[in-house]
Amino acid sequence: MDFLYNNFLSDFFSICMNGLNSLFADYALCIVVLTILIRLCLLPLDLKMRSNSAKMSALGPEIQSIQKRYANNPQIVQKKQQELYRKMNVKPMFGCLPSLIQLPILFAFFGAMRVLQSQQTVALMLDAAQYGASTVQLPEFFWVHNFWQPDNGMSNILPNSTEFLSFIQQNSLYITPQTMSLLQTHGLLDFSTGVMTVPDATYTALTTQILQSNGFINAAGEVTNYNGYFILPALAGVALFLQQKFNPASMNGGMGMNAMNPAGGGSEQAEAAGCSSKMMLWIFPIFSIWICATSNTAFALYWFISSLYAFAQMKLVDVIKKARAKKKEVSVV
């Protein structure tokens, strides 16, 4: 499954992020800009999908009439439906296309953020080892202490030695031999046993110094090591819920699927499709909360901005359509 988030598209997003960061010097802002650019590229497809969904809704009564009229002859039902779709220039399967395109983008962005996470974390640890922990400033994002760690109350501000080793192993292709040599020189990597390891004592001592120099010490003088409060994952889940709830395809319930069923299916299948649609309305946002809470804050920010932008775009298009319809009514009168 590694190919889903480790491919040419994820490499492209990594290059774009580094390019934008050279302009803005802020990865959070880069994610917002790149996310909006991606959504703008998908805008024509989204608009076409909404238009197709509106036509499908308008054809609902005619489809149901055909299904009732030829209930005992599924072949005729299918033929009549296809004729109606061709006549009205409706593509029943078109509503799935935007989602099919967005999924590879989602996986690729996840891969790109994972690569950047490992690169930035390795660079931070090397800077601390070379120039002293006091010279390192953790990349904060509002309430999140480290932008490259998950926004949740259970994740460390800095990865532990096992997580650090995992970063290096999973993204070794993106870490130069010079960087690997420097990590070994400063005692952050060890190959003496013939297997790459991270010396826990040396690594933990360095991360403790970084946290102390950044002021993460509680009243008892102990180093606190919690990165966030689940805020961004929760916002991402809410934004996705709103996007789905007001999406024309989901608002149509099971209409699209029922219309494609040659046998009609009647009220039972329509009810089943409606129940399935309602389940997905809750399952996907809950799933997004879990993914964002276990991924780095950078990816959670992308998911939130993407869902929020899609929802805002949806509402804006609705306002424009209503204004145009009202203008036509006035002109007719």
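Note that the numbering runs from 1 along the sequence shown for the chain. Computation of the quantities below employed the complete heavy-atom set of this structure, encompassing side-chain atoms and omitting hydrogens, waters and symmetry-equivalent molecules.
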message: Assess the residue pair R69 and S65 against the criterion (side-chain hydrogen bond (donor to acceptor under 3.5 Å, both in side chains)); give the C-alpha distance rounded to whole Å, side-chain angles, the decisive distance to 0.1 Å, and a yes or no.
response: CA-CA 6 Å; R69 198 181 313 161; S65 175; 3.0 Å; yes

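- No continuous path of ILVMFWY side-chain contacts below 4.5 Å connects I15 to L37, so the two sit in separate hydrophobic clusters.
- Annotation for K321: atom NZ counts as buried by contact number, over 12 foreign heavy atoms lying within 6.0 Å.
- Here the closest non-hydrogen pair linking V136 and S213 is O-OG, 4.4 Å.
- Shortest non-hydrogen contact noted between L9 and P104 is CD2-O, 3.9 Å.
- Using a 30° and 60° split on the angle between ring planes, Y229 and H145 fall in the perpendicular class, above 60°.
- Listed here is the closest heavy atom pair of V115 and N171: CG2-OD1, 3.6 Å.
- Pairs passing the side chain to side chain donor-acceptor pair (under 3.5 Å) check and including a residue from residues 289-304, sequence neighbours excluded, read Q117-N296.
- Every residue two or more places apart in sequence or in another chain was checked for a salt bridge (Lys or Arg N to Asp or Glu O under 4.0 Å) with D11, and none qualifies.
- Looking only at distances, a side-chain donor or acceptor of S10 sits under 3.5 Å from a matching main-chain atom of N7.
- Taking the six-membered ring for Trp and the full ring otherwise, the centers of F299 and F109 sit at least 6.0 Å from each other.
- Residues T179 and T176 have side chains that bring a donor and an acceptor to within less than 3.5 angstrom of each other.
- With sequence neighbours excluded, no residue satisfies ring-ring contact (aromatic ring centres under 6.0 Å, His included) with F230.
- N156 places no side-chain N or O within donor-acceptor distance of the main-chain N or O of P159, the cut-off being under 3.5 Å.
- A234 and I289 get closest at one heavy-atom pair: CA-CG1, 4.4 Å.
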